[in-house]
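Shown below is the structure under consideration.
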Amino acid sequence: MLLTLDLNDARPLHEQVAGAIRRAIGEGSYAPGDRLPPARDLARTLGINSNTVLRALRDLRDEGLLEFRRGRGVSVAGRADGRALLAQRARELMDEARRYGYSRDDLIAILEELP
């Protein structure tokens with residue numbers, strides 16, 4: 001799993017990690033039943049605390065995307081629905097727009113101008 005974090009992003013790291021995993025599931029990089037790498041390995045790869053990764057994994061478990069199995073690790077329970085994936089991307093787009101000084105209404109106007 002290739003995850004990247006944007007240290008300039010204002011969102012908390014656990015939300016960035018959860019979003020990256022959610023995207024990977026939604027885009028088919030992980031299928032239901034696939035196991036994720038251990039949280040400790042993900043944390044080491046990303047250069048963050050393992051508790052941050054665990055918080056992201058718990059959030060995804062609470063959404064029903066992941067399941068924790070004692071002795072077997074974390075596996076994908078289901079596929080992210082399209083709406084959840086689009087909502088995640090829209091949040092990221094809104095964060096990006098804010099960094100450039102655009103409001104929500106400005107972003108909506110830009111989207112309405114698209115063909």
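All of these numbers come straight from a predicted model, not from anything done at the bench. Only heavy atoms go into these numbers, but all of them, side chains included; no hydrogens, no water, no symmetry mates.
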Not counting sequence neighbours, which residues clear side-chain contact (heavy atoms from CB on, under 4.5 Å) with Q16? List them please.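 Q16 satisfies side-chain contact (heavy atoms from CB on, under 4.5 Å) with L5, D6, D9, R11, L13 only.
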Gap between atom CG of L65 and atom CD1 of I21 - 0.5 Å precision: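 Nearest 0.5 Å value for the CD1-CG distance: 10.0 Å.
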Do Y102 and I108 share a hydrophobic cluster (ILVMFWY, side-chain heavy atoms under 4.5 Å, transitive)?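 Different hydrophobic clusters.
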Please write out which residues are connected to L114 in a hydrophobic cluster, directly or through intermediates, given that two of Ile, Leu, Val, Met, Phe, Trp, Tyr count as joined at side-chain heavy-atom separations below 4.5 angstrom.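 Traced through the cluster, L114 reaches L93, M94, L107, L111.
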Only counting residues at least two apart or in another chain, list the ones meeting side chain to side chain donor-acceptor pair (under 3.5 Å) with E67.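 For E67 the side chain to side chain donor-acceptor pair (under 3.5 Å) partners, ignoring immediate neighbours, are R69.
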In terms of side-chain geometry, is the basic nitrogen of E96 or R99 positioned less than 4.0 Å from the acidic oxygen of its partner?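 Counted as a salt bridge, because a side-chain N and a carboxylate O are separated by less than 4.0 Å.
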Using residues 48-59 as the side-chain source, report each donor-acceptor pair under 3.5 Å to any protein atom, sequence neighbours left out, with the distance given to one decimal.
from: N49; atom 1: OD1; to: N51; atom 2: N; distance (Å): 2.6
from: N49; atom 1: OD1; to: N51; atom 2: ND2; distance (Å): 3.4

Side-chain polar contacts of residues 31-43 - donor-acceptor pairs under 3.5 angstrom, sequence neighbours left out - could you list them?
from: D34; atom 1: OD2; to: A31; atom 2: N; distance (Å): 2.8
from: R35; atom 1: NE; to: R72; atom 2: O; distance (Å): 3.1
from: D41; atom 1: OD1; to: R44; atom 2: NH1; distance (Å): 3.3

N-O pairing of E63 and R22 below 4.0 Å: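 Here E63 pairs with R22 in a salt bridge, since their nearest N and O are under 4.0 Å apart.
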